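Note: hydrogens, waters and symmetry copies are ignored here, and every other heavy atom, side chains too, is used. For reference, positions follow the sequence shown, starting with 1. Because the structure is predicted, anything quoted here is derived from the model rather than measured.
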Amino acid sequence: METERVTEFPMTHLDRRPRKRARLGWDVLPEQPKAQLELFCGQAVGNLTSYTTSRQPTDLTGTLAVKGRNGSPPWRNDDKDGHYTFELGENLTSRYKIHSKMGEGTFGQVLECWDREKKEMVAIKIVRGIKKYREAAMIEIEMLQQLGKHDRVGNCCVQIRNWFDYRNHICIVFEKLGPSLYDFLRKNNYRSFPIDLVREIGRQLLECVAFMHDLRLIHTDLKPENILLVSSDYIKVPDYKFSSRSPKDSSYYKRVPKFSAIKVIDFGSTIYDRQDQKYIVSTRHYRAPEVILGLGWRYACDIWSVGCILVELCSGEALFQTHENLEHLAMMERVLGPLPQHMLKRVDQQADKYVRRGRLDWPEGASSRDSIKAVLKLARLQNIIMQHVDHSAGDLINLLQGLLRYDPSERLTAREALRHPFLTHGVI
(Lines give C-alpha, C1' and ligand atoms only; values in the text may rest on other atoms or scores of the structure.)
Protein backbone atom coordinates (compact mmCIF):
# COMPACT_ATOMS: atom_id res chain seq x y z
CA MET A 1 0.00 0.00 0.00
CA GLU A 2 1.31 3.45 -0.90
CA THR A 3 1.43 5.79 2.06
CA GLU A 4 2.52 9.38 2.22
CA ARG A 5 2.84 11.98 4.93
CA VAL A 6 2.44 15.68 4.43
CA THR A 7 3.65 18.57 6.53
CA GLU A 8 0.73 21.01 6.83
CA PHE A 9 0.72 24.34 8.63
CA PRO A 10 -2.84 25.58 9.23
CA MET A 11 -3.38 29.30 9.74
CA THR A 12 -6.48 28.94 11.86
CA HIS A 13 -5.87 32.30 13.58
CA LEU A 14 -6.05 34.12 10.25
CA ASP A 15 -8.90 34.99 7.95
CA ARG A 16 -9.06 33.66 4.43
CA ARG A 17 -8.58 34.56 0.93
CA PRO A 18 -4.83 34.41 -5.58
CA ARG A 19 -2.55 34.11 -9.01
CA LYS A 20 -0.29 35.83 -11.67
CA ARG A 21 0.72 36.29 -15.31
CA ALA A 22 4.17 35.04 -16.25
CA ARG A 23 6.66 37.77 -16.87
CA LEU A 24 8.27 37.83 -20.25
CA GLY A 25 11.83 36.55 -20.30
CA TRP A 26 13.32 39.99 -20.80
CA ASP A 27 11.56 41.34 -17.75
CA VAL A 28 12.21 38.68 -15.12
CA LEU A 29 13.76 40.45 -12.18
CA PRO A 30 17.27 39.44 -11.13
CA GLU A 31 17.54 37.20 -8.10
CA GLN A 32 17.41 39.25 -4.93
CA PRO A 33 20.60 39.56 -2.91
CA LYS A 34 21.16 36.73 -0.46
CA ALA A 35 21.07 39.13 2.47
CA GLN A 36 17.56 40.19 1.43
CA LEU A 37 16.33 36.63 1.75
CA GLU A 38 17.82 36.16 5.17
CA LEU A 39 16.84 39.39 6.91
CA PHE A 40 13.24 38.75 7.95
CA CYS A 41 11.84 39.71 11.33
CA GLY A 42 15.22 38.80 12.77
CA GLN A 43 14.92 35.24 11.43
CA ALA A 44 17.15 33.48 8.91
CA VAL A 45 14.85 31.91 6.32
CA GLY A 46 17.37 31.49 3.53
CA ASN A 47 18.25 28.02 4.82
CA LEU A 48 15.23 25.77 4.43
CA THR A 49 16.77 22.58 5.77
CA SER A 50 14.18 22.51 8.55
CA TYR A 51 11.47 21.97 5.93
CA THR A 52 10.80 18.52 4.58
CA THR A 53 12.14 17.90 1.08
CA SER A 54 12.06 14.12 0.86
CA ARG A 55 9.54 12.13 -1.12
CA GLN A 56 7.65 11.21 2.03
CA PRO A 57 7.32 14.29 4.25
CA THR A 58 5.82 13.82 7.69
CA ASP A 59 2.90 15.88 8.94
CA LEU A 60 2.45 17.31 12.41
CA THR A 61 0.11 14.54 13.53
CA GLY A 62 1.81 11.61 11.84
CA THR A 63 -1.41 10.83 9.92
CA LEU A 64 -0.96 8.66 6.81
CA ALA A 65 -2.89 9.22 3.58
CA VAL A 66 -5.26 6.40 2.72
CA LYS A 67 -5.11 4.83 -0.71
CA GLY A 68 -8.33 5.11 -2.67
CA ARG A 69 -10.58 8.13 -3.02
CA ASN A 70 -8.26 10.24 -0.88
CA GLY A 71 -5.07 8.39 -1.82
CA SER A 72 -1.82 9.83 -3.13
CA PRO A 73 -1.16 10.11 -6.87
CA PRO A 74 1.78 8.17 -8.33
CA TRP A 75 5.17 9.79 -7.87
CA ARG A 76 6.30 11.77 -10.94
CA ASN A 77 9.39 13.80 -11.63
CA ASP A 78 8.96 17.56 -11.92
CA ASP A 79 9.10 18.99 -15.43
CA LYS A 80 12.34 20.46 -16.77
CA ASP A 81 11.61 23.84 -15.14
CA GLY A 82 10.84 22.41 -11.71
CA HIS A 83 7.05 22.67 -11.98
CA TYR A 84 4.92 20.09 -10.17
CA THR A 85 3.42 17.59 -12.61
CA PHE A 86 -0.16 16.44 -12.08
CA GLU A 87 -3.36 15.27 -13.74
CA LEU A 88 -6.78 16.78 -13.21
CA GLY A 89 -8.85 14.88 -10.67
CA GLU A 90 -5.82 13.79 -8.63
CA ASN A 91 -5.30 14.59 -4.98
CA LEU A 92 -2.93 17.17 -3.61
CA THR A 93 -2.64 15.57 -0.17
CA SER A 94 -5.72 13.77 1.06
CA ARG A 95 -7.48 17.09 1.73
CA TYR A 96 -7.42 18.73 -1.72
CA LYS A 97 -8.59 17.44 -5.11
CA ILE A 98 -7.23 19.15 -8.24
CA HIS A 99 -10.08 20.58 -10.32
CA SER A 100 -8.35 22.82 -12.89
CA LYS A 101 -5.25 24.86 -13.64
CA MET A 102 -5.84 28.58 -13.15
CA GLY A 103 -2.48 29.95 -14.26
CA GLU A 104 1.29 29.59 -14.46
CA GLY A 105 4.10 32.06 -13.87
CA THR A 106 7.76 32.41 -13.01
CA PHE A 107 7.06 31.20 -9.46
CA GLY A 108 5.10 28.03 -10.36
CA GLN A 109 1.43 27.25 -10.91
CA VAL A 110 -1.94 28.07 -9.37
CA LEU A 111 -4.48 25.26 -9.23
CA GLU A 112 -8.18 25.37 -8.43
CA CYS A 113 -8.80 22.61 -5.88
CA TRP A 114 -11.72 21.20 -3.93
CA ASP A 115 -11.15 21.44 -0.19
CA ARG A 116 -12.75 18.30 1.25
CA GLU A 117 -12.55 19.63 4.79
CA LYS A 118 -14.17 23.04 4.16
CA LYS A 119 -16.37 21.79 1.28
CA GLU A 120 -15.41 24.63 -1.07
CA MET A 121 -13.10 25.54 -3.93
CA VAL A 122 -9.73 27.12 -3.09
CA ALA A 123 -6.74 28.41 -5.06
CA ILE A 124 -3.41 26.72 -4.30
CA LYS A 125 -0.13 28.26 -5.40
CA ILE A 126 2.36 25.43 -6.03
CA VAL A 127 5.88 26.82 -6.10
CA ARG A 128 8.58 25.36 -8.34
CA GLY A 129 10.79 22.82 -6.61
CA ILE A 130 13.91 24.96 -6.95
CA LYS A 131 15.80 26.41 -4.00
CA LYS A 132 15.48 30.13 -4.83
CA TYR A 133 11.74 29.83 -5.46
CA ARG A 134 11.25 27.84 -2.25
CA GLU A 135 13.12 30.59 -0.42
CA ALA A 136 10.96 33.29 -2.04
CA ALA A 137 7.83 31.31 -1.09
CA MET A 138 8.90 31.23 2.55
CA ILE A 139 9.36 35.01 2.40
CA GLU A 140 5.86 35.39 0.95
CA ILE A 141 4.42 33.20 3.71
CA GLU A 142 6.19 35.30 6.34
CA MET A 143 4.74 38.47 4.79
CA LEU A 144 1.24 36.99 4.53
CA GLN A 145 1.42 36.01 8.20
CA GLN A 146 2.49 39.53 9.19
CA LEU A 147 -0.33 41.09 7.18
CA GLY A 148 -2.91 38.65 8.52
CA LYS A 149 -1.85 39.25 12.11
CA HIS A 150 -2.57 42.99 11.81
CA ASP A 151 -5.49 42.95 9.38
CA ARG A 152 -8.57 43.16 11.61
CA VAL A 153 -10.88 45.03 9.26
CA GLY A 154 -9.99 43.62 5.83
CA ASN A 155 -7.57 45.96 4.07
CA CYS A 156 -7.87 44.43 0.61
CA CYS A 157 -4.73 42.30 1.00
CA VAL A 158 -5.26 38.62 0.24
CA GLN A 159 -4.87 36.43 3.30
CA ILE A 160 -3.25 33.03 3.60
CA ARG A 161 -5.35 30.12 4.85
CA ASN A 162 -2.61 27.57 5.32
CA TRP A 163 0.49 26.18 3.64
CA PHE A 164 2.26 22.84 3.37
CA ASP A 165 5.35 21.25 1.88
CA TYR A 166 4.40 18.49 -0.58
CA ARG A 167 6.96 16.50 -2.57
CA ASN A 168 9.49 19.35 -2.37
CA HIS A 169 6.93 22.00 -3.41
CA ILE A 170 5.79 24.78 -1.10
CA CYS A 171 2.00 25.00 -1.50
CA ILE A 172 0.10 28.08 -0.30
CA VAL A 173 -3.68 27.92 0.06
CA PHE A 174 -5.91 30.94 -0.57
CA GLU A 175 -9.59 31.64 -0.98
CA LYS A 176 -10.60 31.31 -4.63
CA LEU A 177 -11.14 34.77 -6.08
CA GLY A 178 -12.15 36.18 -9.47
CA PRO A 179 -9.94 37.24 -12.39
CA SER A 180 -7.11 39.75 -12.16
CA LEU A 181 -7.73 43.24 -13.46
CA TYR A 182 -5.31 42.44 -16.28
CA ASP A 183 -7.22 39.30 -17.29
CA PHE A 184 -10.51 41.19 -17.15
CA LEU A 185 -9.12 43.93 -19.40
CA ARG A 186 -7.63 41.38 -21.81
CA LYS A 187 -10.85 39.41 -22.17
CA ASN A 188 -12.70 42.70 -22.62
CA ASN A 189 -10.51 43.70 -25.59
CA TYR A 190 -8.65 46.21 -23.38
CA ARG A 191 -11.64 48.49 -22.96
CA SER A 192 -11.54 51.00 -20.14
CA PHE A 193 -13.40 50.72 -16.84
CA PRO A 194 -16.12 53.25 -15.95
CA ILE A 195 -14.73 56.15 -13.91
CA ASP A 196 -16.80 55.31 -10.82
CA LEU A 197 -15.34 51.80 -10.84
CA VAL A 198 -11.82 53.24 -11.21
CA ARG A 199 -12.55 55.37 -8.16
CA GLU A 200 -13.68 52.39 -6.07
CA ILE A 201 -10.73 50.22 -7.13
CA GLY A 202 -8.28 53.08 -6.55
CA ARG A 203 -9.64 53.69 -3.07
CA GLN A 204 -9.29 50.03 -2.08
CA LEU A 205 -5.84 49.72 -3.64
CA LEU A 206 -4.55 52.75 -1.74
CA GLU A 207 -6.12 51.45 1.50
CA CYS A 208 -4.12 48.25 1.05
CA VAL A 209 -0.93 50.19 0.28
CA ALA A 210 -1.46 52.52 3.27
CA PHE A 211 -2.02 49.50 5.52
CA MET A 212 1.22 47.90 4.31
CA HIS A 213 3.23 51.11 4.59
CA ASP A 214 1.98 51.61 8.15
CA LEU A 215 3.56 48.21 8.88
CA ARG A 216 6.81 49.38 7.20
CA LEU A 217 6.21 46.96 4.30
CA ILE A 218 6.70 47.80 0.61
CA HIS A 219 4.93 45.58 -1.96
CA THR A 220 7.34 46.51 -4.84
CA ASP A 221 5.34 44.66 -7.55
CA LEU A 222 1.94 46.32 -7.84
CA LYS A 223 0.35 45.81 -11.27
CA PRO A 224 -3.05 44.77 -12.69
CA GLU A 225 -1.98 41.10 -12.68
CA ASN A 226 -1.57 41.29 -8.91
CA ILE A 227 -4.99 42.82 -8.20
CA LEU A 228 -7.86 40.34 -8.25
CA LEU A 229 -11.57 41.00 -8.39
CA VAL A 230 -13.27 39.13 -5.54
CA SER A 231 -16.13 38.10 -7.83
CA SER A 232 -16.08 36.86 -11.43
CA ASP A 233 -19.57 38.27 -12.11
CA TYR A 234 -19.97 40.95 -14.76
CA ILE A 235 -22.67 42.74 -16.73
CA LYS A 236 -22.70 43.89 -20.36
CA VAL A 237 -23.29 47.55 -21.13
CA PRO A 238 -23.27 49.51 -24.41
CA ASP A 239 -19.83 50.84 -25.31
CA TYR A 240 -20.57 54.35 -26.52
CA LYS A 241 -17.29 54.50 -28.43
CA PHE A 242 -18.93 52.01 -30.78
CA SER A 243 -22.43 53.50 -30.62
CA SER A 244 -22.53 53.74 -34.41
CA ARG A 245 -22.49 49.96 -34.60
CA SER A 246 -25.55 47.76 -34.42
CA PRO A 247 -26.53 46.31 -31.01
CA LYS A 248 -26.37 42.96 -32.81
CA ASP A 249 -22.62 43.48 -33.21
CA SER A 250 -20.82 41.88 -30.24
CA SER A 251 -18.36 44.81 -30.09
CA TYR A 252 -21.27 47.16 -29.31
CA TYR A 253 -21.18 45.92 -25.72
CA LYS A 254 -18.40 45.76 -23.18
CA ARG A 255 -18.11 43.90 -19.89
CA VAL A 256 -18.15 45.72 -16.57
CA PRO A 257 -17.45 43.95 -13.25
CA LYS A 258 -20.66 43.57 -11.27
CA PHE A 259 -18.86 44.19 -8.00
CA SER A 260 -15.91 46.48 -7.29
CA ALA A 261 -14.31 44.54 -4.39
CA ILE A 262 -10.63 43.66 -4.99
CA LYS A 263 -7.77 41.87 -3.24
CA VAL A 264 -4.06 42.57 -3.74
CA ILE A 265 -1.96 39.41 -4.14
CA ASP A 266 1.61 38.20 -4.63
CA PHE A 267 3.76 39.31 -1.71
CA GLY A 268 6.82 37.34 -2.81
CA SER A 269 8.71 40.58 -3.52
CA THR A 270 7.46 42.43 -0.44
CA ILE A 271 10.15 43.72 1.89
CA TYR A 272 10.59 45.67 5.09
CA ASP A 273 11.62 49.28 4.49
CA ARG A 274 15.32 50.02 4.71
CA GLN A 275 17.06 53.25 3.71
CA ASP A 276 17.42 53.72 -0.06
CA GLN A 277 17.62 50.21 -1.44
CA LYS A 278 18.98 50.25 -4.98
CA TYR A 279 18.41 46.90 -6.65
CA ILE A 280 15.79 46.73 -9.42
CA VAL A 281 12.17 46.16 -8.36
CA SER A 282 8.73 46.27 -10.01
CA THR A 283 7.58 44.93 -13.35
CA ARG A 284 8.77 47.20 -16.16
CA HIS A 285 5.61 49.18 -17.03
CA TYR A 286 5.02 50.11 -13.36
CA ARG A 287 8.62 50.89 -12.38
CA ALA A 288 9.29 54.28 -10.79
CA PRO A 289 11.93 56.68 -12.21
CA GLU A 290 14.08 56.57 -9.06
CA VAL A 291 14.41 52.79 -9.54
CA ILE A 292 15.55 53.13 -13.16
CA LEU A 293 17.99 55.94 -12.31
CA GLY A 294 19.51 54.04 -9.40
CA LEU A 295 18.70 56.76 -6.87
CA GLY A 296 17.42 54.42 -4.17
CA TRP A 297 13.76 53.68 -3.48
CA ARG A 298 11.37 53.34 -0.58
CA TYR A 299 7.57 53.47 -0.10
CA ALA A 300 6.99 55.92 -2.95
CA CYS A 301 7.80 53.28 -5.60
CA ASP A 302 4.46 51.64 -4.73
CA ILE A 303 2.68 54.98 -5.17
CA TRP A 304 4.10 55.42 -8.69
CA SER A 305 2.82 51.94 -9.57
CA VAL A 306 -0.66 52.85 -8.31
CA GLY A 307 -0.67 55.92 -10.57
CA CYS A 308 0.27 53.83 -13.61
CA ILE A 309 -2.44 51.28 -12.76
CA LEU A 310 -5.19 53.92 -12.47
CA VAL A 311 -4.27 55.37 -15.89
CA GLU A 312 -4.41 51.85 -17.36
CA LEU A 313 -7.86 51.21 -15.89
CA CYS A 314 -9.08 54.50 -17.41
CA SER A 315 -7.60 53.91 -20.85
CA GLY A 316 -7.49 50.11 -21.10
CA GLU A 317 -3.78 50.12 -22.01
CA ALA A 318 -0.53 50.25 -20.03
CA LEU A 319 0.76 53.82 -19.83
CA PHE A 320 4.43 53.03 -20.56
CA GLN A 321 4.63 50.15 -23.04
CA THR A 322 8.37 49.74 -23.40
CA HIS A 323 11.19 47.24 -22.92
CA GLU A 324 14.20 49.51 -22.34
CA ASN A 325 15.24 52.11 -19.80
CA LEU A 326 16.06 55.13 -21.96
CA GLU A 327 12.86 54.76 -23.97
CA HIS A 328 10.94 54.36 -20.70
CA LEU A 329 12.37 57.61 -19.31
CA ALA A 330 11.67 59.40 -22.61
CA MET A 331 8.06 58.21 -22.44
CA MET A 332 7.80 59.64 -18.92
CA GLU A 333 9.04 63.00 -20.17
CA ARG A 334 6.59 62.91 -23.08
CA VAL A 335 3.63 62.25 -20.74
CA LEU A 336 4.68 64.16 -17.61
CA GLY A 337 7.26 66.76 -18.70
CA PRO A 338 11.05 66.93 -18.16
CA LEU A 339 12.79 65.01 -15.41
CA PRO A 340 14.14 67.28 -12.62
CA GLN A 341 17.75 68.38 -12.96
CA HIS A 342 18.58 67.38 -9.39
CA MET A 343 17.57 63.77 -10.12
CA LEU A 344 19.53 63.57 -13.38
CA LYS A 345 22.64 64.89 -11.63
CA ARG A 346 22.52 62.08 -9.04
CA VAL A 347 22.08 59.05 -11.31
CA ASP A 348 24.25 56.03 -10.51
CA GLN A 349 26.95 54.65 -12.82
CA GLN A 350 24.56 52.21 -14.50
CA ALA A 351 22.10 54.96 -15.45
CA ASP A 352 24.73 57.62 -16.28
CA LYS A 353 24.61 56.57 -19.95
CA TYR A 354 21.03 57.86 -20.20
CA VAL A 355 22.04 61.45 -19.37
CA ARG A 356 24.10 63.92 -21.42
CA ARG A 357 24.87 67.58 -20.59
CA GLY A 358 22.38 67.59 -17.74
CA ARG A 359 19.40 66.26 -19.68
CA LEU A 360 18.02 62.96 -20.91
CA ASP A 361 20.00 61.71 -23.93
CA TRP A 362 16.91 61.61 -26.14
CA PRO A 363 16.26 61.29 -29.02
CA GLU A 364 20.01 61.18 -29.79
CA GLY A 365 20.48 57.99 -27.78
CA ALA A 366 17.40 56.20 -29.12
CA SER A 367 17.97 52.61 -30.16
CA SER A 368 15.90 52.93 -33.36
CA ARG A 369 13.54 55.11 -35.35
CA ASP A 370 10.66 52.92 -34.18
CA SER A 371 11.60 53.72 -30.61
CA ILE A 372 11.35 57.45 -31.32
CA LYS A 373 7.94 56.91 -32.96
CA ALA A 374 6.71 54.95 -29.94
CA VAL A 375 7.56 57.92 -27.70
CA LEU A 376 6.18 60.60 -30.02
CA LYS A 377 2.78 58.92 -30.32
CA LEU A 378 2.15 59.34 -26.58
CA ALA A 379 -0.04 62.21 -25.39
CA ARG A 380 0.30 64.36 -22.28
CA LEU A 381 -1.28 62.88 -19.16
CA GLN A 382 -4.17 65.38 -19.19
CA ASN A 383 -5.06 64.50 -22.79
CA ILE A 384 -4.91 60.75 -22.13
CA ILE A 385 -7.41 61.10 -19.30
CA MET A 386 -9.68 63.54 -21.17
CA GLN A 387 -9.95 61.05 -24.05
CA HIS A 388 -11.52 58.46 -21.77
CA VAL A 389 -13.18 60.27 -18.85
CA ASP A 390 -16.27 62.43 -19.30
CA HIS A 391 -16.76 63.51 -15.68
CA SER A 392 -14.46 63.84 -12.66
CA ALA A 393 -11.58 64.22 -15.14
CA GLY A 394 -10.16 67.29 -13.40
CA ASP A 395 -10.01 65.64 -9.97
CA LEU A 396 -8.55 62.44 -11.42
CA ILE A 397 -5.84 64.32 -13.35
CA ASN A 398 -4.91 66.22 -10.20
CA LEU A 399 -4.67 62.97 -8.20
CA LEU A 400 -2.54 61.30 -10.88
CA GLN A 401 -0.19 64.28 -11.00
CA GLY A 402 0.36 63.76 -7.27
CA LEU A 403 0.91 60.02 -7.60
CA LEU A 404 3.25 60.40 -10.60
CA ARG A 405 5.55 63.14 -9.35
CA TYR A 406 9.12 62.38 -10.36
CA ASP A 407 10.69 63.20 -7.02
CA PRO A 408 9.64 60.45 -4.59
CA SER A 409 9.89 62.87 -1.66
CA GLU A 410 7.20 65.04 -3.29
CA ARG A 411 4.91 62.19 -4.32
CA LEU A 412 1.66 61.80 -2.38
CA THR A 413 1.68 59.17 0.35
CA ALA A 414 -1.07 56.57 0.34
CA ARG A 415 -2.79 58.26 3.32
CA GLU A 416 -2.63 61.67 1.59
CA ALA A 417 -4.02 60.21 -1.62
CA LEU A 418 -6.97 58.66 0.24
CA ARG A 419 -8.00 62.17 1.31
CA HIS A 420 -8.00 63.45 -2.28
CA PRO A 421 -11.37 64.76 -3.59
CA PHE A 422 -11.42 62.23 -6.43
CA LEU A 423 -11.41 59.34 -3.94
CA THR A 424 -13.62 60.95 -1.28
CA HIS A 425 -16.37 61.74 -3.83
CA GLY A 426 -19.55 60.06 -2.65
CA VAL A 427 -18.04 58.93 0.67
CA ILE A 428 -20.16 59.88 3.68
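Tested against Lys125, the residues Gln109, Met102, Glu140 include a single side-chain contact (heavy atoms from CB on, under 4.5 Å) partner, Glu140. Applying the ring pair (Phe, Tyr, Trp, His ring centres under 6.0 Å) test between His169 and each of Trp163, Phe164, Tyr84 identifies Tyr84 as the sole match.
Side chain to side chain, Tyr286 and Glu312 meet the donor-acceptor criterion of an N or O pair below 3.5 Å. Using modelled atom types, one finds no donor on one side chain facing an acceptor on the other under 3.5 Å when comparing Asp214 with His150.
Annotation: cation-pi geometry satisfied between Arg255 and Tyr234 (NZ/CZ under 6.0 angstrom from ring centroid, within 45° of ring axis). Remark: Arg199 qualifies as a cation-pi partner of Phe422 under the 6.0 Å distance and 45° angle criteria applied to the six-membered ring.
In this structure, Tyr299 has its ring center under 6.0 Å from that of His213.
To the nearest 0.5 angstrom, Ser180 atom OG is 11.5 Å from Asp266 atom CG. The line from CD1 of Ile265 to CG of Leu177 is 8.0 Å long, rounded to the nearest 0.5 Å. How far OH of Tyr96 is from NZ of Lys118: 9.0 Å, rounded to the nearest 0.5 Å. Distance CG/Leu396 to CG/Leu310: 7.0 Å, rounded to 0.5 Å. The distance from the CG atom of Asp151 to the CD atom of Gln159 is 4.5 Å, given to the nearest 0.5 Å. Annotation: the span from Asn383 atom CG to Met386 atom CE amounts to 8.0 Å, rounded to 0.5 Å.
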Worksheet item: Taking it one step at a time, do Arg284 and Asn325 satisfy side chain to side chain donor-acceptor pair (under 3.5 Å)?
Response: CA-CA 9 Å; Arg284 161 65 71 188; Asn325 287 334; 2.6 Å; yes
Discussion item. For Phe320 and His328: C-alpha separation, side-chain torsions, deciding distance, then whether ring pair (Phe, Tyr, Trp, His ring centres under 6.0 Å) applies.
Written reply: CA-CA 7 Å; Phe320 302 118; His328 195 170; 5.5 Å; yes
Worksheet entry | Intermediate values then yes/no, side chain to side chain donor-acceptor pair (under 3.5 Å), His420 and Asn398 | CA-CA 9 Å; His420 191 278; Asn398 185 264; 2.8 Å; yes
Discussion item. Between Phe184 and Phe193, does the ring pair (Phe, Tyr, Trp, His ring centres under 6.0 Å) criterion hold? Intermediate values first, please.
Written reply: CA-CA 10 Å; Phe184 195 96; Phe193 283 4; 5.6 Å; yes
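One N or O on the side chain of Lys254 and one on the backbone of Ser192 form a donor-acceptor pair closer than 3.5 Å. A donor-acceptor pair is defined here as one N or O able to donate and one able to accept, closer than 3.5 Å; no such pair exists between the side chain of Arg95 and the backbone of Arg116. In this structure, Asp79 contributes its side chain and His83 its backbone to a donor-acceptor pair below 3.5 Å.
Side-chain contact between Cys314 and Ile195: present, with at least one pair of heavy atoms (C-beta onward) separated by less than 4.5 Å. At least one side-chain heavy atom of Leu205 sits less than 4.5 Å from a side-chain heavy atom of Ile227. Contact annotation: the side chain of Tyr182 approaches that of Tyr190 to within less than 4.5 Å [non-hydrogen atoms, C-beta and beyond]. Taking the side chain as every heavy atom from C-beta outward, Leu313 and Leu185 approach each other to under 4.5 Å. Residues Val389 and His391 are not in side-chain contact: their nearest non-hydrogen atoms beyond the backbone lie 4.5 Å or more apart. The side-chain heavy atoms of Trp362 and Tyr354, taken from C-beta on, include no pair separated by under 4.5 Å. Here the side chains of Met332 and Glu327 are not in contact, with every heavy-atom distance at 4.5 Å or above.
Ion pairing between a basic and an acidic side chain is recognised when a charged N comes within 4.0 Å of a carboxylate O; Lys278 and Asp348 show no such pairing.
For the salt bridge (Lys or Arg N to Asp or Glu O under 4.0 Å) condition, the pairs that include at least one residue of residues 291-307, sequence neighbours left out, are Asp273-Arg298.
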